[in-house]
Amino acid sequence: MTEDTYLAAMSIGELARRTEVPVRTIRFYCDSGVLEYHRTGGGHRVFDSPAAVDRLLLVRRLRALGVPLPAIVSVLDGAESIGAVAAAERAALDAELDALRWRRAALFAVECAPPGERARRLELLAAVQDRSSIIDSAVALWRPILGPLPREQFDSFIDMQLPALPSDPAPHRLLAYAELTALATDPRVETAMTQQIWRSEREKIGDRRQLVTAVAEVCEIVAPLVAAGEKPRPGAELDLYVHAHAAARRERDTPEFRRALRAGTADTDPRLHRYWRLTAEITGTEATAGGIHYWLSDALRHTS
């Protein structure tokens, strides 16, 4: 260092006084590569002034807002702007707040449970620690069942079953999600749901993607009828549904085929009824995939 440089340098004690940052913390920043310094002939740390003061004040202010040190270093190095780092930290904080609100709702649901129900409620809620676990369980249930469905349609189906999961759910709503997740992870539910969706003689189905797509189109037609509370009835909607299943199996729509289609279902399984009841509570509509399916099944039972 030149003589002029020494004159512009300050000791670690002076830097601590100018910035109100403890000496121990300054040493940590030095060892971490956050602050540049030089050694005197006697081995003492000295810092360039005023650059060191400005740099350390920026570090102190960002740390006061909870910005992690690696992000601060990226600002100091010019890799990120202060605004970008602040936005990233705010997003991370939002996620933490969501998790805390979710946890608070779970704790409140356990707190409010009748004593005899508390252990069961705790078991259910412990399995849904956040919203992602609910979505993951739904995807794990439906992906093997609806494997032939194109990705875009599959994602839309999941969104229809679990729309806009709240960040701050009411206890009763959180319980509905928890019970739905418990059902989704029950292997018996997957077996019964597979039978309900594909119905009889699944081994005869040639193009499953074509069948799923055709049934999805029928469901779009039937959904307004279910939402409006229309009673199940034979008609064009049911004919399209039966035709889709018959065509997929290379058969004709005959009374015998309709009887076989009626027989090959799991509509009476109470677990499926509960799954779709919970889905209706969560979505706020009876026109769920299950509700539409039951409507078509009831209409099929009324046909000859």
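- With no hydrogens or angles considered, no side-chain donor-acceptor pair links Gln161 and Trp276 at under 3.5 Å.
- A cation-pi arrangement is present between Arg143 and Phe154 under the rule of less than 6.0 angstrom and at most 45 degrees off the ring axis.
- To the nearest 0.5 Å, the span separating CG on Leu15 from OG on Ser49 amounts to 8.5 Å.
- Taking each heavy atom of Phe47 and Glu36 in turn, the nearest pair found is CD2-O, 3.4 Å.
- By the neighbour-count criterion of 12 heavy atoms within 6.0 Å, atom CZ of Arg103 is sparsely surrounded, having that number or fewer from other residues, nucleotides or ligands.
- Of the N and O atoms on the side chains of His245 and Arg249, at least one donor lies less than 3.5 Å from an acceptor on the other residue.
- A donor-acceptor pair under 3.5 Å is absent between the side-chain atoms of His273 and the main chain of Asp269, judged by distance alone.
- The backbone N or O of Val67 lies less than 3.5 Å from a partner atom in the side chain of Arg63, making a donor-acceptor pair.
- The nearest pair of heavy atoms linking Arg121 to Pro114 is NH2-CD, 4.3 Å.
- Between Arg233 and Trp295, the closest side-chain pair of non-hydrogen atoms falls below 4.5 Å.
- Using bins of under 30°, 30° to 60° and over 60° for the plane-to-plane angle, the ring pair Tyr177/Trp102 lands in the tilted bin.
- Closest heavy-atom contact between Asp48 and His38: OD2-NE2, 3.6 Å.
- Checked against Val222 for a side chain to side chain contact (heavy atoms under 4.5 Å, CB included), the options Leu238, Ile292, Leu240 give a single hit: Ile292.
- A donor-acceptor contact shorter than 3.5 Å links the side chain of Asp207 to the backbone of Gln210.
- Neither Leu124 nor Ile282 shares a network with the other; the hydrophobic side chains, linked directly or stepwise wherever heavy atoms of I, L, V, M, F, W or Y lie under 4.5 Å apart, form separate groups for each.
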Step by step, would you call Leu56 with Tyr29 a side-chain contact (heavy atoms from CB on, under 4.5 Å)? CA-CA 9 Å; Leu56 189 52; Tyr29 289 153; 3.6 Å; yes
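- The closest side-chain heavy-atom distance from Arg45 to Arg39 is below 4.5 Å.
- Counting only heavy atoms from C-beta outward, the side chains of Leu76 and Arg55 approach each other to under 4.5 Å.
- The backbone N or O of Ala113 sits less than 3.5 Å from a side-chain atom of Arg118, completing a donor-acceptor pair.
- With a 4.5 Å cut-off on side-chain heavy atoms, Arg18 and Met10 count as touching.
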request  = Start with the C-alpha distance between Glu286 and Arg277, add both sets of side-chain angles, then the distance that settles side-chain contact (heavy atoms from CB on, under 4.5 Å), and finish with yes or no.
outcome  = CA-CA 8 Å; Glu286 296 296 323; Arg277 181 72 255 145; 2.7 Å; yes
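- Looking at Arg60, its side chain does come within 3.5 Å of a backbone N or O of Thr19 through a donor-acceptor pair.
- No donor-acceptor pair closer than 3.5 Å links the side chain of Arg301 to the backbone N or O of Arg262.
- Within 6.0 Å of the CZ atom in Arg104, the count of heavy atoms belonging to other residues, nucleotides or ligands does not exceed 12.
- Here the CG atom belonging to Leu183 is positioned 13.0 Å from the CD atom belonging to Glu190, to the nearest 0.5 angstrom.
- A single hydrophobic cluster is seen to contain both Ile72 and Phe28, as judged by linkage of ILVMFWY side chains at heavy-atom distances under 4.5 Å, directly or through other members.
- In terms of hydrophobic clustering, with Ile, Leu, Val, Met, Phe, Trp and Tyr side chains grouped at heavy-atom distances under 4.5 Å, Leu57 and Leu69 are assigned to a common cluster.
- Leu180 contributes atom CG, which lies 4.5 Å from atom OG1 of Thr279 (distance to the nearest 0.5 angstrom).
- A donor-acceptor contact shorter than 3.5 Å links the side chain of Ser74 to the backbone of Ala71.
- In this structure, the side chains of Val242 and Phe257 come closer than 4.5 Å at one or more pairs of heavy atoms.
- The two residues Pro171 and Ala109 have their closest heavy-atom pair at CB-CB, 3.9 Å.
- What you find for Ala138 and Leu162 is that their closest heavy atoms are CB-CD1, 3.6 Å.
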Apply side-chain contact (heavy atoms from CB on, under 4.5 Å) to residues Trp198 and Leu211 and explain how you reach the verdict.
CA-CA 9 Å; Trp198 296 107; Leu211 173 58; 3.6 Å; yes
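- Remark: Glu117 CD is packed, more than 12 non-hydrogen atoms of other residues, nucleotides or ligands lying under 6.0 Å away.
- Neither side chain, Gln196 nor Tyr275, offers a donor N or O lying under 3.5 Å from an acceptor on the other.
- Looking at Ser11 and Arg17, their side chains never bring a donor and an acceptor atom within 3.5 Å of each other.
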Subject >> CA sep, side-chain torsions, deciding dist, call: Glu281, Arg173, salt bridge (Lys or Arg N to Asp or Glu O under 4.0 Å) >> reply: CA-CA 8 Å; Glu281 291 178 14; Arg173 179 64 66 87; over 6 Å; no
Margin query: Assess the residue pair Arg27 and Val23 against the criterion (side-chain contact (heavy atoms from CB on, under 4.5 Å)); give the C-alpha distance rounded to whole Å, side-chain angles, the decisive distance to 0.1 Å, and a yes or no.
Written below: CA-CA 6 Å; Arg27 289 197 182 102; Val23 169; 3.3 Å; yes
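- When all heavy atoms of Met160 and Thr283 are compared, the pair lying nearest together is O-CG2, 3.4 Å.
- Counting heavy atoms from C-beta outward, Arg188 and Arg271 have side chains that approach closer than 4.5 Å.
- Residues Pro144 and Met193 are not in side-chain contact: their nearest non-hydrogen atoms beyond the backbone lie 4.5 Å or more apart.
- Aromatic ring orientation, Phe157 versus Trp142: perpendicular (interplanar angle above 60°, classes split at 30° and 60°).
- At most 12 heavy atoms of other shown residues, nucleotides or ligands fall within 6.0 angstrom of atom CD in Glu152.
- Remark: Thr213 OG1 to Arg208 CZ distance equals 13.5 Å, nearest 0.5 Å.
- Note: the hydrophobic cluster containing Leu175 also contains Leu122 (ILVMFWY, side chain heavy atoms under 4.5 Å, direct or indirect links).
- Connection of Leu97 to Phe108 is not established within any shared hydrophobic cluster, with ILVMFWY side chains joined at heavy-atom distances below 4.5 Å, either directly or through further cluster members.
- Looking only at distances, no side-chain donor or acceptor of Ser32 sits under 3.5 Å from a matching main-chain atom of Val34.
- Here the CG-CZ distance, from Asp155 to Arg151, works out to 4.5 Å after rounding to the nearest 0.5 Å.
- The CZ atom of Arg209 sits 8.0 Å away from atom CD of Gln153, with the distance rounded to the nearest 0.5 Å.
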